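See structure below.
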Amino acid sequence: MFFVRAALVTLLLLTTSFVTLAEGQTRLQVQGVSGSVRDNVELYLANFANGDVSTSLRFQARLEQEARAALRALGYYHPNIEFSIERPARGTTLVMTIEQGPVTRYQQIDIQIQGEAATDADFIALKERLAPKVGDAVHHGRYEQLKSSMGNLALRKGYFKADFSKNILAVSEARQEARLTVHFDSGQRYRFGDVRFTGSQIQEPRLFSLIPFQSGDPYLASQLGEFNQAIANTNWFGSILIEPDGESLEDSDGTVPLHVKLEPRARNSMELGVGYADVQGARLKANWNRPWLNDRGHSLNNRLALSEIEQSLESSYRLPLRNVAQDFYQFQFGVKNFDNQDGKGQDYTIAAERHWLLSNKWYRTVSMRWLYSEFMQAEQEDRSNLLMPGFSFTRSRSQGGMMPTRGDRLLFSMETSDRAWGSDSRFIRFRSRANYIASFGSDHRIVTRLDAGAILLEEATALPPSLRFFAGGDGSIRGYGYERVAPRDDEDRLLGGRYMLTGSAEYQYRVAGNWWLATFADYGSAWSTDPDWKRGVGLGIRWASPIGPVRLDFAWGLDHSTGKSRQFQLHFSLGPEL
């Protein structure tokens, strides 16, 4: 925090060492010090507003008092401070010249960690990292950091009665020497006790499977956070409160029993999303979610997506297993109707999936999917019956709410089919996707995406259109129509490709509050033999709304075939970026 404040002050005062005032007012100039010493002096002097600067002796005394306090904090107890007044043509300047003098150094250091923490590896590492050595310059900020770090670590690791039995920084200003004595008595480390749930509508054995620790394990605040997150991830509860179960730690036997107060989430919830693109037209998405159907925690989710060229309905039924946080079955049924200029038809899907949350936070899924499709694509009219086992690995992480300050999402999946088990085609289909979001300061964001796919052992035209690859649109290459980048026949009708690769890079700048401006570049293609790479660039507006980011993009395709499609595309969407 010290260095952040110092940096802010340095920016305010600039490198000129002046507090710049309105014309006619007195300016303050500091000279004679540099580096961290100067930064700390300017930090203390920032207490004076621009209009407070004057040449009076009383004001000079106030400045000197603040400057000496700033220098003492870094071990300079014998500075020499002088003032002079300059009156150039454009106003008055009060010049404060500082000679910081000799620095006071530690001649004796006695830092001890007592109690159970004496053999705790984290405390030993903290002492090694932050404790000063004999001969080091006295630095009050680092001394306070050492003490606060010990206290914070004690709270995180369950040393709830920890305290400083000795805490002395003795300075001999005349001899320019200091002695530091810090004795930190951690006492005993508390352990997790029994966990009690109240207010839950779900069977207790399923709730106990969410606990990442056992009764008697050493207390660790991070595991308490994991416990809270695991409960939240079930989506069963609208309110979660975890607190010590008992009168106080003073009456404890060295354990921390926990009381988990829960309130059920509403049995029905709705989510809506809207979007628009020039070619695709308006889009509406609606989710009807029933987060819990019974005391075993079964849930049902229904998703409806409507646009001029595509309509779909999908239902998912989830059955959590004994280890609720890590294992569940999911059964899906879906119907999709599409009419996208060069292709139209209907898809019917039934799928059974088994999900595992691995210890490295990846989700592993093994699935069996049946797809029946009746379609017409260009001149091809056909039907397809496919039974496809597959697997996938996904991981999603984010921080910063609905419009994350940092996050990433990775997906790798594979499905296969073979005539040996009754399918109409034999193929292997790979799909991968990577999204990454980073922030720089509070006003700059980078959003990137890479999307790839491939079909092996079979031509794309032997598969239904929903398994072929098409590129273009707001989630692919902006500046081109939705799924309008793909191989075409001799009549210039879309066929779909065996391969696909697209990428996007976007920079966002906050202009005010929740409003951002964006500039982006997209690149990619979908192909079967030779890729025809397409580029798209544009500008966008972002609004961090209470229900998620709202995006409006003005995009230009740089590689349109002359006269065949418009170079400018408008894209509007609402929903998460990952």
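Nothing fancy with the numbering, it's 1 onward along the sequence. Note that the structure is a prediction, hence the values are computed from the model and not measured.
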Short N-O contact, R542 and E577, less than 4.0 angstrom
no
Interatomic spacing from OG1 in T502 to CG in D522 - rounded to 0.5 Å:
8.0 Å
Think R265 forms a cation-pi with F237, using NZ or CZ under 6.0 Å from the six-ring centre and within 45 degrees of its axis?
no
Set of residues satisfying side-chain hydrogen bond (donor to acceptor under 3.5 Å, both in side chains) with respect to Q201, sequence neighbours excluded:
none
For E271, I'd like to know if atom CD has over 12 heavy atoms of other residues, nucleotides or ligands within 6.0 Å.
no
Do W288 and N268 meet the criterion of a side-chain donor-acceptor pair at a distance under 3.5 Å?
yes
May I ask you to say whether K261 pairs ionically with E243, meaning some side-chain N is under 4.0 Å from a carboxylate O?
yes
Working note: N323 + Q326, criterion side chain to side chain donor-acceptor pair (under 3.5 Å); need CA distance, chi angles, decisive distance, verdict.
CA-CA 6 Å; N323 192 332; Q326 298 180 351; 3.2 Å; yes
If we ignore angles and hydrogens, is there a donor and acceptor under 3.5 Å between the side chains of T198 and H259?
yes
Quick one: list whatever passes ring-ring contact (aromatic ring centres under 6.0 Å, His included) with W515, sequence neighbours left out.
W543
Check the orientation of Y509 and Y507. Use parallel for under 30°, tilted for 30 to 60°, and perpendicular for over 60°.
parallel
Side-chain H-bond candidate by donor/acceptor type, R551 with S573, under 3.5 Å:
yes
Can you list everything that forms a salt bridge (Lys or Arg N to Asp or Glu O under 4.0 Å) with D295? Sequence neighbours excluded, please.
none
Check this for me, if you would: do D532 and R488 make a salt bridge, where the nitrogen-to-carboxylate-oxygen distance has to be below 4.0 angstrom?
no
Holding to salt bridge (Lys or Arg N to Asp or Glu O under 4.0 Å), I want the full list of residues that pass it with D408, two or more places apart in sequence or in another chain.
R395, R397
Once ring-ring contact (aromatic ring centres under 6.0 Å, His included) is applied, do any residues pair with F192, and if so which ones, sequence neighbours excluded?
F213, Y219
Between F160 and Y190, ring centroids under 6.0 Å:
yes
Within the supplied structure, the quantity of interest is the number of heavy atoms (other residues, nucleotides, ligands) at a distance under 6.0 Å from D194 CG; does it exceed 12?
no
Hey, are the side chains of M414 and F391 touching, using non-hydrogen atoms and a 4.5 Å cut-off?
yes
Classify the ring geometry of F197 against F227: parallel below 30°, tilted from 30° to 60°, perpendicular beyond 60°.
perpendicular
Look up atom CZ in R354 and atom CG in D327, then write down how far apart they are to the nearest 0.5 Å.
4.5 Å
Considering residues at least two apart in sequence or located in another chain, which fulfil the ring-ring contact (aromatic ring centres under 6.0 Å, His included) criterion with Y523?
W533
Under a 3.5 Å threshold, yes or no: a donor from one side chain and an acceptor from the other, between T365 and E353?
no
Taking side chain as C-beta onward, heavy atoms only, is Y372 less than 4.5 Å from S384?
no
Test salt bridge (Lys or Arg N to Asp or Glu O under 4.0 Å) applied to E458 and R419, R426, R468, the passing residue
R419
Is any side-chain heavy atom of L570 closer than 4.5 Å to one of L552?
yes
K285 and R303, any side-chain heavy atoms less than 4.5 Å apart:
no
Checking side-chain contact (heavy atoms from CB on, under 4.5 Å) for the pair H355/Y329: CA distance, chi angles, key distance, verdict?
CA-CA 6 Å; H355 294 250; Y329 284 110; over 6 Å; no
Please list, chain by chain and in numerical order, all residues satisfying side-chain hydrogen bond (donor to acceptor under 3.5 Å, both in side chains) with R498, sequence neighbours excluded.
none
Taking only residues two or more places apart in sequence, or in another chain, which ones meet K157 in a salt bridge (Lys or Arg N to Asp or Glu O under 4.0 Å)?
D120, D122
Distance-only polar pair, side chains of D347 and S466, donor-acceptor under 3.5 Å
yes
If you apply the rule ring-ring contact (aromatic ring centres under 6.0 Å, His included), what do you find for F123 with Y159, and how did you get there?
CA-CA 11 Å; F123 274 92; Y159 299 97; 5.5 Å; yes
Is K344 salt-bridged to D339, cutoff N-O under 4.0 Å?
no
Could you check if a side-chain atom of I437 sits within less than 4.5 angstrom of a side-chain atom of R445, using non-hydrogen atoms only?
yes
side-chain contact (heavy atoms from CB on, under 4.5 Å) for I446 and S439? Distances and angles first, verdict last.
CA-CA 6 Å; I446 299 292; S439 297; over 6 Å; no
Between G497 and S528, which heavy-atom pair has the shortest distance, and what is it?
CA-OG, 3.5 Å
So, taking the atom named CH2 in W370 and the one named CG in L387, what distance separates them when rounded to the nearest 0.5 Å?
10.0 Å
How many angstroms lie between atom OG of S423 and atom CG of N385, to the nearest 0.5 angstrom?
6.5 Å
Find the distance between NE2 (H560) and CZ (F568) and round it off to the nearest 0.5 Å.
11.0 Å
Can you measure from CD1 (I202) to CG (L262) and round to the nearest 0.5 angstrom?
9.5 Å
Are the side chains of V256 and L258 in touch, meaning some heavy atoms are under 4.5 Å apart?
yes
F520 six-ring face occupied by R478 cation (under 6.0 Å, within 45°)
yes
Indicate yes or no: at least one non-hydrogen side-chain atom of S425 is less than 4.5 angstrom from one of L386.
yes
With E379 via salt bridge (Lys or Arg N to Asp or Glu O under 4.0 Å) - residues at least two apart:
R493
So is R364 actually on top of W356's ring, under 6.0 Å and inside 45° of the axis?
yes
Do I242 and L224 have side chains that approach each other closer than 4.5 Å (heavy atoms only, starting at C-beta)?
yes
Looking at D559 and R535, is there a salt bridge between them, counting it only when a charged N and a carboxylate O are closer than 4.0 Å?
yes
Under the side-chain hydrogen bond (donor to acceptor under 3.5 Å, both in side chains) rule, collect the residues that match up with R189, sequence neighbours excluded.
none
Can F469 and R429 be said to form a side-chain contact (heavy atoms from CB on, under 4.5 Å), step by step?
CA-CA 10 Å; F469 291 111; R429 187 176 188 269; 3.3 Å; yes
Just to verify, what does Y499 make a ring-ring contact (aromatic ring centres under 6.0 Å, His included) with, not counting sequence neighbours?
W527
Return the set of residues passing side-chain hydrogen bond (donor to acceptor under 3.5 Å, both in side chains) with R206 (not counting sequence neighbours), or none when no residue passes.
none
Within a radius of less than 6.0 Å around CZ of R383, do more than 12 heavy atoms belonging to other residues, nucleotides or ligands occur?
no
Looking only at heavy atoms, the pair that brings D489 and A378 closest together is OD2-CB, 3.5 Å
Lys/Arg-Asp/Glu bridge criterion (N-O < 4.0 Å) met for D451, R431
yes
